[in-house]
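Taking it in order: structure first as structure tokens, then the write-up.
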Amino acid sequence: MSATSSASPDVRRPRHAAGASLRLVERLHEIVAGINAGLPLDDVLGRVCATAAELLDADLVAFLLADGDRWRPLVRRGGQDVERWAPVVVSPNDWVTQLVRDGEGWCAFPVDDVSPVVDGILRAGLPEAGAGMAVVARAPGQAAGALVTVYADATRTPRPAELDVLVLLAEHAGVAISAAHSSAEVARGRRHQGVLADATVDGLAVLDRTGRVLQWNRAAARLTGLTAEQVVGKPPPFPVSEPGQVVDHRLGGGRWLEVLSSAVPESDDLVVEFRDVSQEKELEHAKDAFLATVGHELRTPVTAIQGFSSTLLRRWHDLSDPGRQAAVEVVAERSAALAALVDKIVLGSAISLGQAEVTGEPVDLGRLLAEVLAERPAGDLRHDVILDVADTAPAALADPRSLTEIVTQLVDNAVKFSPDGGDVLVRAWDDGARVGISVIDHGIGVDPVDRDRVFELFYQSGTGDRRRFGGMGLGLYIVRQLVRSFGGEVAVYGMPGGGTEVRVSLVRAGAAQPMPWPSSCYVNDLTEGKDQPVLTEGKDRQDRCETEA
């Protein structure tokens, strides 16, 4: 907008031109210093307004900062501090709006032709206003606002030198606004980067050229247990590979990290990404151990089958009938053990892949336990397997075939880990909320640190004497997965004086049913003071069952 002329009155001149120039340089230096120091935008614009009031002898100075569809005024009256005024809605017909919209020039105005946006400021801040000037403040690519000076003297018109000062101050205001916008964009970008970095599940760190941490995201703190405050300015708690290479590192707490670094283009910084690979490492180790164990477990029955089969083939006619019979029995026994081993491997694989077929139906626990124990072959003469079921047996919601496998595995484990013999108690229980099965032995027990881990795939305790009993680390994994498949849970407890209780908790299924005891397999062992059915496994099992029958 072009300048508006008026009568040429006497204009107050600077007291001393050199002194005015010196003050201008000093004030501009202060404004630039504020911008470089990152002062808040309103503080820098306040310095601009104060400088205009001082150097131009203005009675009121306002900076109108464009903020969307509103003006945000900062106002200085006389010697008072700069005040932040309430935002004013932009009017499209306002000449200040038009001036800023056009983006260039200045305007001198009489008070009777004042802009509506300035009118409210004058009414409140300088009712006696007579004339003023407005200069556009530009930021790169846009007009950002206007610097307005107002005088009580209605005959006041700007001198060229004064206009130059006003334009110079408006330019500095535009620089401040541009710097604030740039700083806001940078801060916004950093916040976005921070949000993205913190949102990832992988640890992220930025290292400087000396290998010290500059940035450390939340996942990095979670994975290492070290906060950003503990790490920034120090080397990371793991080795860093060459860019593009992967390093595996185990932290002091046992967690494995996979570390990958990348160079930042046009910088000496490194971005380091790391993730938790503990599970993969454990699975890798477990698989290696499993393969070694399976090879050992298979070798025993295969060697026996191969040896006795070869003997039968080469010396059939040299062997007596009892000799042939004994060899065939060994082959059959080892073949059955081999088939059971293969079945366990297949079942474990199906469970781990989620392919095991499991149903849910009411199962009479008393009947099922009786049938499972009745079908057990005569084994170690040092063990008695005792069944403890109330007269009214509880019913559970489960899969009968899976529950049979569970009981068989638990009883086999109880016998296996009781090398000195003793009773193995199989109990059906009902606590009013849940029903279940407990298998109790008096063997070597399970170390407390292993009681949760014994159910993990391929896990074998490395403590105590349990290693010498062999196994593949599949049995209890299969037990837990099958129990969970029909809503149950299983846990291991230590027994006073030694031994183990494995407790299987199941969902109740309807009312309990009377227990029909198969008398051919169970006896009441009153001679030992036991008022309960007893299935013995050992030297007197067959005699005792036949006697009762």
Side-chain angles (χ1 to χ4, degrees), residues 1-4 31 34-35 39-53 56 58-78 80-152 158 163 165-185:
M1 180 178 290
S2 59
T4 302
I31 293 170
I35 296 173
L39 289 181
L41 177 60
D42 284 7
D43 290 351
V44 177
L45 296 179
R47 289 188 179 184
V48 171
C49 292
T51 300
L56 301 178
D59 297 304
L60 182 145
V61 178
F63 191 90
L64 305 176
L65 181 63
D67 187 7
D69 62 348
R70 294 175 181 271
W71 295 110
R72 192 157 61 81
L74 287 92
V75 179
R76 179 185 174 105
R77 293 176 288 179
Q80 299 179 5
D81 292 335
V82 175
E83 303 172 355
R84 296 174 177 84
W85 286 36
V88 180
V89 177
V90 171
S91 171
N93 299 321
D94 187 311
W95 60 258
V96 172
T97 302
Q98 295 174 9
L99 180 71
V100 173
R101 183 186 61 200
D102 293 341
E104 60 184 27
W106 60 277
C107 179
F109 58 88
V111 75
D112 57 356
D113 187 26
V114 74
S115 159
V117 67
V118 178
D119 183 60
I121 296 173
L122 297 183
R123 289 179 184 276
L126 192 65
E128 68 277 16
M133 294 182 292
V135 178
V136 175
R138 290 187 56 80
Q142 63 177 341
L147 179 60
V148 180
T149 57
V150 182
Y151 301 90
L163 184 58
V165 171
L166 197 62
V167 169
L168 189 58
L169 291 173
E171 289 175 352
H172 279 68
V175 172
I177 294 170
S178 177
H181 288 171
S182 298
S183 177
E185 287 298 323

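Quantities reported herein were computed from a predicted structural model and do not represent experimental measurements.
Between V44 and I31 there is a side-chain heavy-atom pair separated by less than 4.5 Å. Using a 4.5 Å heavy-atom cutoff, the side chains of L41 and L65 are in contact. The shortest distance between side-chain heavy atoms of F63 and R76 does not fall below 4.5 Å. Between H172 and T51 the shortest side-chain heavy-atom distance does not fall below 4.5 Å. Side-chain contact check for D42 versus V82: every heavy-atom pair is 4.5 Å or farther apart.
Nearest heavy atoms, P73 versus A86: CD-O, 3.5 Å. In terms of heavy-atom proximity, A137 sits nearest to A170 at CB-O, 3.5 Å. When all heavy atoms of I177 and A144 are compared, the closest pair comes out as CD1-CB, 3.5 Å.
Note that CG of L56 is 9.5 Å distant from CG of L163, once rounded to the nearest 0.5 Å. Distance check: C49 SG to L60 CG gives 9.0 Å after rounding to the nearest 0.5 Å. Distance check, rounded to the nearest 0.5 Å: CG of L74 to CG of L147 gives 11.0 Å.
Remark: side-chain polar atoms of D67 are not paired, donor with acceptor, to backbone N or O of R72 under 3.5 angstrom.
Put simply, the residue from V167, L166, V148 that forms a side-chain contact (heavy atoms from CB on, under 4.5 Å) with M133 is L166.
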